[in-house]
Amino acid sequence: MSCRRGALIVLEGVDRAGKTTQCQKLVQAIQQSGRAAEIMRFPDRTTKIGQLISSYLEKKSNLEDHTVHLLFSANRWEMVPVMKQKLEEGINLVVDRYAFSGVAFTSAKPGFSLEWCMNPDVGLPKPDLVMFLQLNPNVAANRGEYGNERYETSAFQRTVQQRFEELMQDTSINWKVIDAARTIEEVHKDIKDLSENIISLAEEQPVGELWR
Ligand code: Z5A
């Protein structure tokens, strides 16, 4: 019997919504249920492209806005062979930010349309489920100060949130909005329940292509 494929599950959200915390808890929960699961995150700062991005985010270097957008996309494309192989092997991938962050952050800059920003990511492996961790900026503020990286200002993050809301109008994507203002365990329970359903459904279907 051929191996059933893994599900591609993405967590998105604004700064400090709890994406990393929840990705780690979800991977543990899937593994405890006896299935394979791994975490991935974008940007993946370990590759050469990822190091260029990391230096830009840390404000150690400047890059032209179109250029850095394409680098974020290239950083996803360079991981596609690995992602496809893992999914085919039956490993469930839990991904901390994906193309939706790419579009939301660049299109929050002046002069960038959603359409232009989406184009480089057309055809990436399509997530079976995208959970958006919704968090009011005032609640996020109680989780500590913004860091020193580029984009970590409240005005920019508000525009990013609006762009995410526009992206969530797209019914070709399986979006689920999660109230991230609750306790870590309450948020985790919702994420785990939604993921369990999608893991069973995804087993029966081929991996789709994003925005195609
Ligand atoms: N970016 C881009 O421009 N283009 C792209 O294509 C991509 C990304 C993919 C990468 O940041 C930056 O790159 C990001 C988008 C841009 N810029 N910004 N802003 P990153 O991925 O390296 O880091 P991050 O995604 O910004 O991390 P984060 O948003 O700051 O954190 P988070 O993952 O959402 O949250 P967390 O680390 O799990 O939790 C934050 C704190 O809150 C921590 O102390 C937790 O213990 C606490 N926490 C978590 N959950 C709760 C609950 N439920 N209650 C109370 N406290 C909680």
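Whatever order the structure lists ligands and atoms in, that order sets their numbers, starting from 1.
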Do me a favour and list the nearest non-hydrogen protein atom to [atom] with residue, atom name and distance?
atom: atom 12 (C) of ligand 1; answer: Leu57 CD1, 3.9 Å
atom: atom 2 (C) of ligand 1; answer: Phe72 CZ, 3.3 Å
atom: atom 22 (O) of ligand 1; answer: Arg45 NH2, 2.8 Å
atom: atom 26 (O) of ligand 1; answer: Asp15 OD1, 3.0 Å
atom: atom 38 (O) of ligand 1; answer: Thr21 OG1, 2.5 Å
atom: atom 56 (N) of ligand 1; answer: Arg143 NE, 3.5 Å
atom: atom 31 (O) of ligand 1; answer: Arg16 N, 3.6 Å
atom: atom 37 (O) of ligand 1; answer: Thr20 CB, 3.9 Å

Any [X] heavy atom less than 4.0 Å to ligand 1:
X: Glu186; answer: no
X: Pro43; answer: yes
X: Arg41; answer: yes

(request) For Arg76, take its heavy atoms, then give the atoms of ligand 1 lying under 4.0 Å from any of them. (result)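 Listed by number with element: 5 (C), 6 (O), 9 (C).
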(message) Under 4.0 Å from a heavy atom of Thr183: which atoms of ligand 1 are those, numbered in the order shown and with their elements?
(response)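 Result: 53 (N).
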(request) Indicate the ring-plane relationship of Phe156 and Phe105, choosing parallel, tilted or perpendicular according to the 30° and 60° boundaries. (result)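 If you compare the ring of Phe156 with that of Phe105, the planes turn out tilted.
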(request) Measure the acute angle between the ring planes of Phe164 and Phe132, then classify it against the limits of 30° and 60° as parallel, tilted or perpendicular. (result)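 The arrangement is tilted - the two ring planes meet at 30° to 60°.
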[X] N/O to ligand 1 N/O under 3.5 Å:
X: Phe42; answer: no
X: Asp96; answer: no
X: Arg97; answer: yes
X: Ala17; answer: yes
X: Glu149; answer: no
X: Gln157; answer: yes

(request) Quick one: which residue pairs count as a salt bridge (charged side-chain N to carboxylate O under 4.0 Å, His left out) with a foot in residues 47-56, not counting sequence neighbours? (result)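 Pairs touching residues 47-56 that pass the test: none.
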(message) Under the salt bridge (charged side-chain N to carboxylate O under 4.0 Å, His left out) definition, can you give me all pairs with a residue in residues 20-30, not counting sequence neighbours?
(response)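 Salt bridge (charged side-chain N to carboxylate O under 4.0 Å, His left out) check on residues 20-30 returns Lys25-Glu185.
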(message) Could you work out, for atom 32 (P) of ligand 1, the closest of Lys19, Glu12, Lys109, Arg182 by heavy-atom distance?
(response)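 Heavy atom nearest to atom 32 (P) of ligand 1 belongs to Lys19.
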(request) Going by heavy-atom distance to atom 17 (N) of ligand 1, choose the closest among Tyr98, Phe100, Phe105. (result)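 Residue with the shortest heavy-atom distance to the ligand atom: Phe105.
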(request) Assess whether atom CG of Asn142 is packed by more than 12 heavy atoms of other residues, nucleotides or ligands within 6.0 Å. (result)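 Check passes, neighbour count above 12.
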